[in-house]
Each structure stands twice: as C-alpha cells, then as structure tokens.
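Protein chains get the first letters and strands the later ones, always in sequence-line order, with residue 1 at the start of each. A quick note: this is a predicted structure, and the numbers were derived from the prediction, not measured.
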Number of protein chains: 2
Amino acid sequence: MRHKSDEKYRKIIAAATKIFAQKGFFKARVSEIAKEAGIADGTVYIYFKHKDDILISLFEEKMQEVLGNMKEQIALETDPLKKIERFALVHLKLIEDHKDIAEIIQVELRQSSKFMKNYNNTKFLEYLDLISKIIQEGKEKGLIRDDIIPGIAKRAFFGALDEMSRFWVLSKKPKYDIQTASRQITNFFIHGIRKQET
Amino acid sequence: MRHKSDEKYRKIIAAATKIFAQKGFFKARVSEIAKEAGIADGTVYIYFKHKDDILISLFEEKMQEVLGNMKEQIALETDPLKKIERFALVHLKLIEDHKDIAEIIQVELRQSSKFMKNYNNTKFLEYLDLISKIIQEGKEKGLIRDDIIPGIAKRAFFGALDEMSRFWVLSKKPKYDIQTASRQITNFFIHGIRKQET
DNA sequence: CTAATAAATGAACGAAAATTCATGTTAGAA
DNA sequence: TTCTAACATGAATTTTCGTTCATTTATTAG
C-alpha cells in the first residue's frame, strides 16, 4: 500500500466504538461514524465491506486486546484462587475504564448470534476458558472441590461479573465501587467452590 | 369494544415472540409478524401504536407472568436458603421451557436502555429484588453472613443463572441439564454466602 | 332487512439509510 | 515537473421497511 494507512482504519474503529456504545448497532448511522471519524461516508466502504463488517472487526480487535491483557495479568499469580480474584478485579476494572467497550460487548455479545448467523465468537469463548482452566488447575492442586464442574462454574462466575457490569454501564452513579463488588463476588465464589472452609 | 377481540392481540404477541426471538427486534419485520399471526399488516396497527409498542407490551406481559409464577413458587418454601435453591430451579426451568421468552429477555434487556430511553424496566427490577429480599431475610435469621451486600449478591446470583441460560439458548444440544446446573450454581452460591460452613 | 359502526385489509407512500460511483485529490515515481 | 495509481469524496441511487388510508368486510342494533 502506498497510503491507505492504518490510520483511517483505526479512526473508524474508534469512532464506531463511540457511536455503537452510544446508540447501539442498529441505531448507529454509518454517516455518523464517518463524521465522528472526520472522513467522508464513502471512505468507510474503502476500509470495510459493510456496516456489519465494522462491528465484527471492532469486536475482534477489542476482544484480542482484552484477552491478551487478561492473560498477562493472570500469569502474575501462581495460586489458582488468587488468579480468580485477579480475574474479577481486572475484568471489572476494564469495564470501569472502558465503558464503551463494555456496552458493546454487553449488547453485541447477545445479538451477534442473531444478526451474524455464522460468526463463531472464538475470542469470547477463549476468554471464558481462562476461567475454567484456572478452576481445573485448582482442582488438580486440591484447592477446589472435585464435584465442581468447570464448564458450569466458568459461566456462573463470568455471569456474576457481567451482570454487575451491566448494572454499572446502565447507571450513571454506581452504588458500589469496583473493589467492593470485586471482593464480594470473588469472595462468595471462592467460598462456594473451594475445598476447605474457614 | 364490540369485537376487536383479545384474540388478535394475543395472536400478534405470540407471533412477535416467535419472530423477535428468531431474528431480534431490529431484524424482525412487522409484515413478517403479521404473516405469522395470519392477519394483514395494517391490522397490527389497530392493536399496537408502533413496532416498539409490540415489544414493550410483549415484554410487560411475559415479565408479569414470570414474576407472578416465581413469587408463587418461592412462597412454597420457608427457609431462605431453600428459597434461593428454588429460585434457581424455577428460573432455569422457565428458560428451558420457553426458549423464545428467554431469548427476548436476554437481548432486549440489554438493548432496552438504548432504544427506549424512557422505558423503566420495573418488572425486571422487581424480579431481581425477589433475590435480595430472600438474602435480607436470610441475614435476619442469621443464616447468611452479615458482610454480604444484597444489592451485589442479587446481581451475582442472577448473572450466574442468566449466563447459564444464554449458553442454553445459543447451543442446540445443551451439555448440562437443568438439575445439574441449578444444583451447582445454587450450591456454590449458598456456600459462598451462608454463615456456617459444613 | 338495512343502516350504521367497527374491524380488517393490503397496496401505496414516503422517509430513512446503506451503498455506489463519477469525479476530484494526493503522494510518490520517473 | 508531470504522470498515474491509489485514495477520498459526498451527492445520487437504491433498497428497505414502517406506517397510512381508501376500500372492503363483518357485526350488531333497530
């Protein structure tokens, strides 16, 4: 490429993130995204095949980032129970720092199955599997009860965090801070799955 | 009303439930709903002001039903911990028996804030509060730890159940049955919040 | 049976957006 | 400097529905 720099591509993704978060995919207008990105409507179609393509790319990019970040953070801990604790904290922190990403993940995660029949959300599944791997590890080390099913536990844990963030995304003045929420959720999740009770 | 029977209204709601669940609100066509209901396009507008109105009415009706049913079921138990257990079971059973309702709640719950600025989802909040009331009751009876915050716990618990049902709604061949999922989730939730550990 | 009213119809309308494309602009090669 | 391919533009085109409304059909009262 001579130009067709990454720059415009990035700008469009950034603009779309903002607009999608603000109005949701269907109510977002391509022209509005273009305007936000400071380019002409037609330019969008040089970088993306169609509107859907913007969302898919955006989602892919963000999840990549989130996933990579989470992996790094988890690797800092050795104790599986500590890893779980950190997962919660990092996840909720992400939500707090990037409400726009959170909103898109929240909504689009639920919709993707409907408007993109054959979009297999690999990245998200990988994210979820970080949790089940930790649980598996904990079981092997004898820290987590044998009867805990990782496939269910990962969903329960993620679901708890996700519902909490939905609440944040929707309310302007969050009632609870991350630390508190994160601690509570981790706390009863860990109490619920671990072997020895205090 | 002379005629303008409830019948057509019901038919439209039923049709919309099916179509919305299938394609999501935005991709659903009014003409398609009409066709599914076996009536003319225009007839829809005799019973509903506009497309949004169909969704809101539908949501309201379904939540009413779900809420009423849940209240009844919970009332059958006296022990707060048992109530929690039953909540999980009833909720997941509902999802299993009415996938279409589940799909609509799943998606629309997340979207409502975006496409209906001033639609206060009272019914849903009431549903959530059933959980926090149980937790409160448990705390008063000394069954649940004092440091548990009902406002967070209710979301964590609901989130866990909700994420589990999302999984069901999306996958054709559920890996786990309700009983198992319900038991697991309840189990580590209860372990996580109660006072005396076994 | 007839009129009067209500309900239902579906073709047609029009507004809203997604996408296209003829034209203009730019950046680098020669 | 000139040439040209890649890029960018945004007005025009096309498509896609939600919604309307003139007309037809059904219902009930007198």
Pull out every protein N or O sitting under 3.5 Å from an N or O of nucleotides 11-14 of chain C, one pair per line with the distance.
none

Please list, chain by chain and in numerical order, all residues satisfying side-chain contact (heavy atoms from CB on, under 4.5 Å) with [X], sequence neighbours excluded.
X: Arg183(B); answer: Gln179(B)
X: Glu85(B); answer: Lys82(B), Thr186(B)
X: Glu65(B); answer: none

Can you give the donor-acceptor pairs under 3.5 Å from side chains of residues 147-160 of chain B to other protein atoms, not counting sequence neighbours?
unit_1: Asp147(B); atom_1: OD1; unit_2: Arg145(B); atom_2: NE; d: 3.0
unit_1: Asp147(B); atom_1: OD2; unit_2: Arg145(B); atom_2: NH2; d: 3.2
unit_1: Lys154(B); atom_1: NZ; unit_2: Asp129(B); atom_2: OD1; d: 2.7

Using five base pairs at each end, measure the axis-to-axis angle across the helix from dC1(C)-dG30(D) to dA30(C)-dT1(D) and round it to 10 degrees.
0°
Contacts of [X] that satisfy side-chain hydrogen bond (donor to acceptor under 3.5 Å, both in side chains) - sequence neighbours left out:
X: Lys11(B); answer: Glu7(B)
X: Lys71(B); answer: Glu126(B)
X: Lys83(A); answer: Glu137(A)
X: Asp97(B); answer: Lys93(B)

Pairwise N/O distances under 3.5 Å, protein to nucleotides 13-17 of chain D:
unit_1: dC17(D); atom_1: OP1; unit_2: Arg29(B); atom_2: NE; d: 2.5
unit_1: dC17(D); atom_1: OP1; unit_2: Arg29(B); atom_2: NH1; d: 3.1
unit_1: dC17(D); atom_1: OP1; unit_2: Arg29(B); atom_2: NH2; d: 2.6

Which residue pairs pass the side-chain hydrogen bond (donor to acceptor under 3.5 Å, both in side chains) test when at least one of the two sits in residues 34-45 of chain B, sequence neighbours left out?
Lys18(B)-Glu36(B)
